[in-house]
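Just the heavy atoms: all of them, side chains too, but no hydrogens, waters or symmetry mates, feed the values below. What you see is a predicted model, and the numbers here were worked out from it, not measured in a lab. First listed ligand is number 1; within each ligand, the first listed atom is number 1.
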Amino acid sequence: MRKKIESKRAEIAVIGLGYIGLPTAIMFANAGFNVVGYEIREDVVKKIKNGNSHIIEPDIDDLLRKAVESGKLRATSNPEEIKEKDVYIICVQTPLREDKTPNLEYLESAVKTVAKAMKKGSLVIIESTIPPLTTLRMAEIIEKERRFKAGEDFYMVHAPERVMPGRIFKELVYNSRIFGGITKESAELAEVLYRSFVKGQTFITNSTTSEMVKLMENTFRDVNIALANEFAFLAHQYNVDIFKAIELANTHPRVKIHVPGIGVGGHCLPKDPYLLLSPAKEDFGLIKRAREINEDMPLMAKDLLFEALKTINLPPEDAIVTVLGLAYKGNSDDTRNSPAHAFIEHIKDDVKEVRSYDPYVKGTHESIMEALKGADALVIATDHSEFKELDWKTIGELMRNKVLIDGRHIIEEPPKGFVFKGIGRGEY
Ligand SMILES: NC(=O)c1ccc[n+]([C@@H]2O[C@H](COP(=O)([O-])OP(=O)(O)OC[C@H]3O[C@@H](n4cnc5c(N)ncnc54)[C@H](O)[C@@H]3O)[C@@H](O)[C@H]2O)c1
């Protein structure tokens with residue numbers, strides 16, 4: 001198997017062609033492997049067959065066309081076409097259910113499809129982010145389906161993905177990678193495979209460690225953001241500008257406080273701490289509390305808005321509120337778990353009208369001017385570059401009342417004539 005991988009004769013099937021699976025399939029195909037991408041969404045398969053991507057990502061169109069035109073990458077919805085491959089790479093989604101418990105249905109179904117298709121000696125890799133101990137459980141599913149013995153009849157590895165949308169093709173090459181095998185040999189084989197295009201460092205460990213590592217990385221960020229948010233909450237009570245305080249604290253050589261704001265969104269950070277905790281019998285409560293703090297941040301923005309409306313004696317039910325930015329992060333169109341949506345949900349029944357404008361997101365107002373005409377309050381929920389260069393004089397003339405809430409610290413000096421409040425900005 002090692003020789004087959006080294007000589008790129010190993011046949012690869014990638015299961016799930018989303019944000020992670022499609023770029024991964026493209027990378028292996030362009031590295032010289034024969035790759036079949038198996039995806040249950042037929043509309044996605046159809047697009048890829050025509051050399052078109054269904055996800056937006058720099059360079060993806062050219063790289064996909066190259067992979068498809070060279071004949072190295074094929075997409076299919078037919079499980080017959082992934083029979084007896086050497087390597088299976090599973091990249092399906094692992095979301096949370098309503099009650100915040102992991103929904104591993106997609107993963108289990110993908111593992112069963114792989115179990116039916118694989119042969120003795122196949123290497124099965126899970127790239128999806130999964131709760132600790134899941135790789136071992138998935139190996140048991142394969143053992144049951146096929147009467148294969150894990151580690152003897154097949155290799156199995158968790159190889160977590162650490163890329164950031166918008167930088168996927170760079171990070172796939174230059175990020176360091178961790179391969180957590182159910183046996184050392186499994187991890188070593190995966191390492192050789194990924195070395196075909198990875199230039200970052202590679203490490204091998206066991207599968208439960210790699211599952212924890214991936215989840216700890218995102219939980220570290222989430223808990224640190226929650227700490228910054230708690231500092232912001234305290235700063236309001238002490239009339240301190242938290243951003244000035246953080247800047248000063250971060251001059252300490254061993255302190256690096258994160259950035260507070262209206263909330264944490266995206267695909268990974270809001271769910272991974274729950275995946276980390278899910279199999280645990282007990283925990284200390286810190287991670288869950290941090291998650292709750294971050295989930296409550298849109299409520300803090302609501303409080304600031306209502307306080308500001310009170311100072312101009314405008315009852316919320318008479319207020320027209322414009323939210324600037326629906327994406328969860330600046331200069332992106334990604335609205336998954338965006339705190340802007342949570343904020344809108346929290347205020348929509350209490351105010352007269354909510355409008356939104358986001359230059360990257362469809363379905364919002366066409367122009368910022370249109371969204372602000374006659375509005376009473378403007379709430380910044382995303383740090384898009386465009387919002388850092390606003391003409392406050394013109395905006396002030398358009399609005400009926402001039403309330404400005406900054407949820408992302410993009411305003412350094414509050415513009416003249418506005419009632420200004422910002423998360424962590426103390427009294428103004
Ligand atoms: N998107 C990111 O930025 C990112 C970063 C790091 C890790 N991850 C992790 O990677 C995993 C995949 O995330 P994603 O963003 O690519 O998800 P996605 O929803 O974009 O893609 C998953 C794809 O798998 C397909 N699928 C589901 N079940 C299937 C099955 N049984 N057989 C074949 N196809 C199936 C879906 O139709 C979908 O197209 C998740 O666990 C996620 O947490 C994502």
Side-chain angles (χ1 to χ4, degrees), residues 13-27 35-48 53-58 60 74-82 85 88-96 102-118 124-132 134-135 138 141-142 145 158-172 175-178 210-211 213-219 221-222 264-276 278 327-329 332-337:
V14 175
I15 316 299
L17 298 176
Y19 281 91
I20 298 302
L22 182 58
T24 301
I26 292 172
M27 290 306 287
V35 181
V36 185
Y38 173 72
E39 164 60 57
I40 47 175
R41 277 182 56 191
E42 285 179 15
D43 56 323
V44 168
V45 171
K46 202 169 158 198
K47 269 196 122 173
I48 296 171
S53 169
H54 65 106
I55 59 170
I56 299 170
E57 182 63 30
I60 195 160
R74 286 186 298 124
T76 183
S77 290
N78 179 0
E80 289 300 313
E81 292 187 42
I82 54 164
K85 297 292 167 198
Y88 293 87
I89 304 177
I90 299 174
C91 304
V92 300
Q93 65 271 49
T94 48
L96 291 179
N103 175 359
L104 299 180
E105 273 171 25
Y106 301 95
L107 180 71
E108 283 170 17
S109 155
V111 167
K112 283 182 183 158
T113 304
V114 168
K116 285 194 185 85
M118 67 195 274
V124 181
I125 298 171
I126 300 176
E127 278 214 21
S128 305
T129 307
I130 48 179
T134 302
T135 305
M138 294 302 124
I141 291 181
I142 297 175
E145 291 275 328
H158 178 238
E161 191 47 75
R162 293 159 141 179
V163 292
M164 187 172 102
R167 297 177 45 85
I168 290 183
F169 286 99
K170 279 194 193 86
E171 295 204 355
L172 274 173
N175 280 0
S176 55
R177 293 294 293 251
I178 290 162
S210 77
E211 290 161 347
V213 168
K214 166 69 196 177
L215 296 168
M216 284 180 354
E217 290 162 4
N218 283 345
T219 303
R221 295 175 59 211
D222 200 48
V264 175
H267 181 57
C268 297
L269 256 61
K271 87 175 160 94
D272 288 358
Y274 289 116
L275 296 190
L276 176 61
S278 64
Y328 84 90
K329 67 171 178 172
S332 152
D333 66 344
D334 195 340
T335 58
R336 289 182 292 179
N337 297 312

Please state which protein non-hydrogen atom is closest to atom 9 (C) of ligand 1 and give its distance, to 0.1 Å? Thr129 OG1, 3.4 Å
Give the numbers and elements of all ligand 1 atoms closer than 4.0 Å to a heavy atom of Cys91. 12 (C), 22 (C)
Looking only at protein heavy atoms, which one is nearest to atom 21 (O) of ligand 1, and what is the separation? Gly18 CA, 3.2 Å
Using modelled atom types only, decide if a donor and an acceptor are shared between the side chain of Gln93 and the backbone of Pro95 within a distance under 3.5 Å. no
Nearest non-hydrogen protein atom to atom 31 (N) of ligand 1, with distance, is Ser109 OG, 3.3 Å
If you draw a 6.0 Å radius around CZ in Phe169, do more than 12 non-hydrogen atoms from other residues or ligands fall strictly inside? yes
Rounded to the nearest 0.5 Å, how far does CD of Glu80 lie from OH of Tyr38? 10.0 Å
Does some non-hydrogen atom of Val163 fall short of 4.0 Å from ligand 1? yes
When rounded to the nearest 0.5 Å, the distance separating CG of Leu269 from NZ of Lys329 is 11.0 Å
Got a second to check how far Ile125's CD1 is from Tyr88's OH, nearest 0.5 Å? 12.5 Å
Quick one: OG1 on Thr94 to CG on Leu275, what's the gap to the nearest 0.5 Å? 5.5 Å
Numbered in order shown, the ligand 1 atoms found under 4.0 Å of a heavy atom of Arg41 are 37 (O)
If you count the atoms of ligand 1 from 1 in the order shown, which ones are under 4.0 Å from a heavy atom of Ala110? 31 (N)
For Ile130, is there any backbone N or O sitting under 3.5 Å from a side-chain donor or acceptor partner on Ser128? no
Glu57/Arg167 ion pair, N-O < 4.0 Å: no
Nearest non-hydrogen protein atom to atom 19 (O) of ligand 1, with distance, is Gln93 CB, 3.7 Å
Is it the case that ligand 1 has an N or O less than 3.5 angstrom from some N or O of Glu127? no
Closest by any non-hydrogen atom to atom 43 (O) of ligand 1: pick that one out of Arg336, Lys271, Lys112. Lys271
For atom 4 (C) of ligand 1, what is the closest protein heavy atom, and at what distance to 0.1 Å? Ile20 CD1, 3.5 Å
heavy-atom search around atom 41 (O) of ligand 1 in the protein gives Thr94 OG1, 2.6 Å
Relative to the heavy atoms of Pro165, which atoms of ligand 1 are at a distance of less than 4.0 Å? 3 (O)
for atom 6 (C) of ligand 1, nearest protein heavy atom and its distance come out as Glu161 O, 3.2 Å
Separation of Cys268 SG from Arg336 CZ (nearest 0.5 Å): 7.5 Å
Mark up the atoms of ligand 1 that fall under 4.0 Å of a heavy atom belonging to Tyr38, in ascending order. 32 (N), 33 (C), 34 (N)
Given Glu127, which of Arg162, Arg177, Lys214 fulfils the salt bridge (Lys or Arg N to Asp or Glu O under 4.0 Å) condition? Arg177
Quick note on ligand 1: atoms under 4.0 Å from a heavy atom of Tyr106 include exactly 27 (C), 28 (N), 31 (N)
Do side-chain atoms of Glu39 reach the backbone of Ala75 as a donor and acceptor pair under 3.5 angstrom? no
Pull out every atom of ligand 1 sitting under 4.0 Å from any heavy atom of Ile15, numbered as shown with elements. 32 (N), 33 (C)
Give the residue and atom name of whichever protein heavy atom lies nearest to atom 39 (O) of ligand 1, and the separation in Å to one decimal. Glu39 OE1, 2.7 Å
Test of understanding: given a 4.0 Å heavy-atom threshold, classify the contact between Arg167 and ligand 1 as side chain, backbone, both, or neither. neither
Part of His267 within contact of ligand 1 (heavy atoms, under 4.0 Å): side chain
Can you tell me how far apart CG (Asp272) and CG (Leu215) are? Round to the nearest 0.5 Å. 5.5 Å
